[in-house]
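Some notes on the structure that comes next.
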Amino acid sequence: MVTLTLLVKNAIRYMAVYIFGATGDTIIEKGGHLNMGVPGIMFFGAYGGILGTLLYVNGVPADAPLNTALIIIISIIFATLFAAIGGLIYCVLTVSLKCNQNIVGLSITTFGIGLSRYLISVLPTGNLRLVEAGRQIQNLFPGYMSAGTFGEMFLSGSFFTYFAIILAVVVSVILAKTKVGLNLRAVGENPASADAAGINVNAYRYLSTIIGSAIVGIGGLVFLLDCHSGSIDPTDAVDSYGWLTLSIVILSAWHSWISILISFAIGMLNVLPIIFTDPAVTNLIRTIPYVATIVVLIVASVLGSKKLQPPAGLGQNYFREDR
């Protein structure tokens, strides 16, 4: 039971990374943008969030306590700002300049990973105040102490865990039930028809991509500040989580609330190696999330399920003059 408790507790912590990534990318893809730059944008968010947190903790006197609320607010502001810039670059190139979405996305991923890894490598490592900030976020909800095993498993997550779940549900409702969501889906399905109906296609694509990228960036922040307790390592595979979120979006059929369940399952596969001591077995298990995702995607493709079909206009630039 102790092992199961530890697995579930850590899986819930890691699933927040996937939920933020999948929720953000769902918003982006609903508007018709196939943004392969998500892994790079997640790295942008990771760097921005850590930079903002460092600026705050370094500005607090050594003998003064850190304010958890300020840690959360400042880290989110910096993470979303840096990630949103990545989304803006993508939009300028694909919406305004009509460049190929796949090429631009992959270029942003390559550029984002390389630049962010370099920038993270020059940040001061071993900052105890940064680690303290990460632990304060992890221990924000101590209520599980009196709730037994269930509380330790499901009620001991950080602020980001519950924020990610709430955000995924809210985004799902907005996309399904509001005029804004309906307009965005229309832009992703048939931009020409949406334009004819008076919907500003370019504006919706700009806003959805920038907002979605900002949310993706929070996922990168969570990976370093929450999951890794603020320890800085430029070799951390933040981008691998970005690639998996692209698959989660497909598996969830572009419904962010379904991504919560899939993210938890993949989170469990991520933390499964902690119960093994053999390095060979551990490394083999680490490949399971990627292999399982590929298998599921192949099966879904072969079955040709209509529920797993993307927005009709996904990946296609809109040329108004061709309408």
Side-chain angles (χ1 to χ4, degrees), residues 13-14 16-25 28 35-59 66 70-92 104-138 158-160 163-164 209-246:
R13 190 176 304 283
Y14 274 90
V17 181
Y18 294 120
I19 295 175
F20 280 119
T23 300
D25 190 47
I28 294 171
N35 190 356
M36 302 296 285
V38 163
I41 290 173
M42 187 172 282
F43 241 118
F44 277 139
Y47 170 72
I50 288 296
L51 176 63
T53 307
L54 272 174
L55 291 175
Y56 167 67
V57 300
N58 289 338
L66 299 176
L70 283 178
I71 295 171
I72 293 172
I73 293 171
I74 293 173
S75 64
I76 288 179
I77 289 175
F78 273 77
T80 54
L81 178 61
F82 275 67
I85 290 173
L88 177 61
I89 294 172
Y90 178 89
C91 284
V92 170
V104 172
L106 292 174
S107 298
I108 289 178
T109 286
T110 304
F111 173 74
I113 293 173
L115 178 62
S116 297
R117 278 184 173 170
Y118 167 73
L119 294 175
I120 291 174
S121 70
V122 299
L123 292 176
T125 58
N127 189 307
L128 296 180
R129 294 288 268 177
L130 185 60
V131 174
E132 180 185 348
R135 289 176 178 171
Q136 281 189 210
I137 291 176
Q138 291 176 348
S158 73
F159 163 82
F160 290 110
F163 179 37
T209 302
I210 292 172
I211 293 172
S213 296
I215 295 174
V216 168
I218 301 177
L221 161 67
V222 173
F223 181 81
L224 291 185
L225 188 59
D226 186 0
C227 299
H228 284 208
S229 303
S231 60
I232 302 174
D233 185 352
T235 63
D236 281 332
V238 180
D239 53 305
S240 66
Y241 285 72
W243 290 117
L244 280 174
T245 59
L246 292 171

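Being a predicted model, the structure only gives us computed values, none of them experimental.
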Are any of the side-chain heavy atoms of [X] and [Y] separated by less than 4.5 Å?
X    : Y    : value
I74  : L55  : no
I28  : Y90  : no
M42  : T245 : yes
V238 : S116 : no
F44  : L115 : yes
D25  : I215 : no
S75  : F160 : yes
I120 : I50  : no

Interatomic distance, [X] atom [atom1] to [Y] atom [atom2] [nearest 0.5 angstrom]:
X    : Y    : atom1 : atom2 : result
Y56  : I72  : OH    : CD1   : 11.0 Å
I218 : I19  : CD1   : CD1   : 12.5 Å
I85  : S213 : CD1   : OG    : 11.0 Å
R129 : N58  : CZ    : CG    : 9.0 Å
M36  : L246 : CE    : CG    : 6.0 Å
S121 : L119 : OG    : CG    : 7.5 Å

Closest heavy-atom contact between [X] and [Y]?
X    : Y    : result
I41  : G86  : CD1-C, 4.1 Å
V222 : A16  : CG1-CB, 4.1 Å
V57  : A133 : CG1-CB, 4.1 Å
I210 : A84  : CG2-CB, 3.8 Å
A214 : T80  : O-CG2, 3.5 Å
G45  : A79  : O-CB, 3.4 Å

T109 side-chain N/O to L106 backbone N/O, donor-acceptor pair under 3.5 Å: no
Under 3.5 Å: donor-acceptor pair, side chain of T53, backbone of L225: no
Residues R135 and E132 bridged, charged N to O under 4.0 Å: no
Audit row: V38, W243, side chain to side chain contact (heavy atoms under 4.5 Å, CB included) steps and yes/no: CA-CA 7 Å; V38 163; W243 290 117; over 6 Å; no
Y241 and Y18 aromatic ring geometry - parallel, tilted or perpendicular at 30°/60° bounds: parallel
S240: partners by side chain to side chain contact (heavy atoms under 4.5 Å, CB included), with sequence neighbours left out: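 Residues passing side chain to side chain contact (heavy atoms under 4.5 Å, CB included) with S240: A237, Y290.
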Worked check of ring-ring contact (aromatic ring centres under 6.0 Å, His included) between F20 and F163: CA-CA 9 Å; F20 280 119; F163 179 37; 5.7 Å; yes
